[in-house]
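First comes the structure, then the notes that go with it.
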Amino acid sequence: MKNIHIYSTPQDLAKAFAENFYAVTQQLDRDLNIAISGGSTPKLIFKYLADNYSDKIDWKRIHFYWVDERCVPPNDEESNYRMTYESLLKYIAIPDGNINRIKGDDDPDEEAINYSKIVGSQLRKSSGVISFDLVLLGMGTDGHTASIFPNQMHLLTSYKICEVARHPVSGQKRITLTGRVINNAKRVIFMVTGENKAVVVSQVLNNSHGSTKYPAANIQPQDGTLEWYLDLQAANLI
Ligand code: 6PG
């Protein structure tokens, strides 16, 4: 059974997600480890949280990690960290130690190893694999998620926590969590908006023939839950 939530607009989606996230933060029995993605929909959600929940959530109990990061400096306009800082982090009272930035400005191979060590040392394990409480994912028009692209499917099953990926068009290097780590999360949420995603969304959610070529279709949490937050445009072919 697929857990699909459809909203009229991206703004309604952001509001609904923020309300759900707030409710979760009000009943924590321990700190929450969340891995977040870049992209336009996550950005909308971060801005909504900043505008409406900056003083309602005890951010000291929230630990931010990144699902992926472009190999650029943190002040680069391509940086997922910069997007998150400008949309949310600079508006909330959160200890620096709760912000676990992937150092896109460091050597990619070294940072993939280093970030794997950081995440591996700080997170609890489930079935021998580290387990995030929540992973927020976007999806590209090619069905990529995180920085796992259709021509790099080995990143789905890698036994590493992080790997170096390469954008298939720009060649830009990225650091990404592997599919195995994402699938070991307690809760995985895709946030997808826009008509340009509708075809892939429908193929993935309808398990269409050949849809497993899309990395997003291979995100099937082992024991955790999988939810899709969509706007009407992205959902219009389901
Ligand atoms: C990134 C993201 C990536 C993103 C999708 C969707 O670093 O770009 O992690 O996986 O979520 O490309 O992005 P849009 O929502 O902007 O289409």
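What you are looking at is a predicted structure, and each value in this text was computed from that prediction instead of being measured. Counting starts at 1 for both ligands and their atoms, in listed order. Numbering starts at 1 and runs along the sequence shown.
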Contacts of type salt bridge (Lys or Arg N to Asp or Glu O under 4.0 Å), residue [X], not counting sequence neighbours:
X      : answer
Arg180 : none
Lys213 : none
Glu195 : none

Please round to the nearest 0.5 Å and tell me the distance separating atom NZ of Lys47 and atom CD of Gln11. 11.0 Å
May I have a table of the N/O to N/O pairs between ligand 1 and the protein that fall below 3.5 Å, each row giving the two atom names and the distance to 0.1 Å?
unit_1, atom_1, unit_2, atom_2, d
ligand 1, 7 (O), Asp68, OD2, 3.0
ligand 1, 7 (O), Arg70, NE, 3.0
ligand 1, 7 (O), Asn80, ND2, 2.9
ligand 1, 8 (O), Arg70, NH2, 2.7
ligand 1, 9 (O), Gly38, N, 3.4
ligand 1, 9 (O), Asp68, OD1, 2.7
ligand 1, 9 (O), Asp68, OD2, 2.8
ligand 1, 10 (O), Ala146, N, 3.4
ligand 1, 10 (O), Ala146, O, 2.7
ligand 1, 11 (O), Gly38, O, 2.9
ligand 1, 12 (O), His144, NE2, 2.8
ligand 1, 15 (O), Ser40, N, 3.3
ligand 1, 15 (O), Ser40, OG, 3.1
ligand 1, 16 (O), Ser40, N, 2.8
ligand 1, 16 (O), Ser40, OG, 3.2
ligand 1, 17 (O), Lys197, NZ, 2.7

Among Ile113, Ile175, Ile102, whose side chain to side chain contact (heavy atoms under 4.5 Å, CB included) with Pro108 holds? Ile175
Relative to each other, are the rings of Tyr53 and Tyr48 parallel, tilted or perpendicular (30° and 60° limits)? tilted
